[in-house]
Amino acid sequence: DVKVTQSSRYLVKRTGEKVFLECVQDMDHENMFWYRQDPGLGLRLIYFSYDVKMKEKGDIPEGYSVSREKKERFSLILESASTNQTSMYLCASRGGGAGTGELFFGEGSRLTVL
Amino acid sequence: AQSVTQLDSQVPVFEEAPVELRCNYSSSVSVYLFWYVQYPNQGLQLLLKYLSGSTLVESINGFEAEFNKSQTSFHLRKPSVHISDTAEYFCAVSGLGTYKYIFGTGTRLKVLA
C-alpha cells in the first residue's frame, strides 16, 4: 500500500520560531510537492522537487524553504513563523510522466502560529 | 497559463438524489484533468482522471466525469449519492510536460439524510 507520511498532524508554534515539516514517501517517486490549503483558496503550491537536491518555487514560496537530501524525504521549513502561515500543509508525491501521474497525498499537518 | 474554476463552494443534496459538481478550466496547451476527494481530517485522494481517449471517465464508487473540450469543462456527476460521499471535492488540471498541477478552490458536498 502506497504511503506518504507527514511527521506531525498538529503543531502549535510561536511567532518567530523555526518550523520543520517532514514528509516521507515509500514509493520511490521522483517528484514531491508541498501545498498549502486554506478555506476558499483551495491548494496552492509552495515548492516542488523533481529529484534529489533539486527544487523549484511554486506559486507562494515567500517565507518558506525546502530540503530534499534523500529521495524519500522532502522537508518544508518556515525560517521565522508568522501568524499568516497558520494553515493546513499537504505533502504529495508522484511517479510517472510529468503532468499525467497521480498525486499521492499525506494526511496533512495543521500548523497554528500564535 | 492554466486555471481551474469550481463554481460552487458548497452543494447540499439529499441522500439518493443526483449531484453535479462543476469544474471549468482554461489552458493554452493540451490538458490532463483530475478530480480528487478529501474526507474529513484526511489528505486528498484521486477519484478519477482524464488523460486521453474516451471523454467519459468513471470511478469505482459510482462517480463519473465528462471532458468537454468545447465548453472547457470537466463536471463530476453521481446519479445517487450516499451519506458517505460527504467530503470536499477538488478539480485539478495539469499539462503535457509540466510538473505543476493547478487546483480549484474545492466544493463541499454535504449529503443530507
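Heavy-atom basis, side chains included; hydrogens, waters and symmetry copies ignored. Naming convention: chains lettered A, B, ... in sequence-line order (proteins, then strands); numbering from 1 in each chain. Here the structure is a predicted model, which means the values were calculated and not measured.
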Residues 74-84 of chain A vs chain B, non-hydrogen distance cutoff under 4.5 Å, contacting residues -> none
Portion of A/E56 that has a non-hydrogen atom of chain B nearer than 4.5 angstrom: neither
According to a hydrophobic-cluster definition based on side-chain heavy atoms being under 4.5 Å apart (Ile, Leu, Val, Met, Phe, Trp, Tyr only), do A/M88 and A/F33 belong together? yes
Single-linkage hydrophobic cluster B/L33~B/F103, side-chain heavy atoms < 4.5 angstrom: no
Counting only non-hydrogen atoms closer than 4.5 Å, does A/Y89 touch chain B with its backbone (N, CA, C, O), its side chain (CB onward), both, or neither? neither
B/Q38, part contacting chain A, at a heavy-atom distance under 4.5 Å: side chain
Mind listing the side-chain donor-acceptor pairs of residues 103-114 of chain A below 3.5 Å, one per line with the distance, residues two or more places apart or on another chain?
unit_1: A/E107; atom_1: OE1; unit_2: A/R9; atom_2: NH1; d: 3.0
unit_1: A/S109; atom_1: OG; unit_2: A/Q6; atom_2: NE2; d: 3.1
unit_1: A/S109; atom_1: OG; unit_2: A/S8; atom_2: O; d: 2.6

Shared hydrophobic cluster, B/F34 / A/Y35 (ILVMFWY, side-chain heavy atoms < 4.5 Å): yes
Residues in salt bridge (charged side-chain N to carboxylate O under 4.0 Å, His left out) with A/K71, at least two apart? A/D28, A/E30
Count I, L, V, M, F, W, Y as connected when their side-chain heavy atoms are under 4.5 Å apart, and connections chain through other members. Are A/I46 and A/V4 then in the same cluster? no
Closest contact, heavy atoms only, A/E102 versus B/Y101: N-OH, 4.4 Å
Please check if the number of heavy atoms outside A/R44 that lie under 6.0 Å from its CZ is greater than 12. yes
Distance col, row A/L43:CG vs B/I102:CD1, nearest 0.5 angstrom, shows 11.0 Å
What one should report as the nearest heavy-atom pair of B/T105 and A/L41 is CG2-C, 3.9 Å
According to a 4.5 Å side-chain heavy-atom criterion applied to Ile, Leu, Val, Met, Phe, Trp and Tyr, with indirect links allowed, do B/L7 and B/F63 form part of one hydrophobic cluster? no
Mind checking which of residues 58-69 of chain A sit less than 4.5 Å from chain B, heavy atom to heavy atom? A/D59
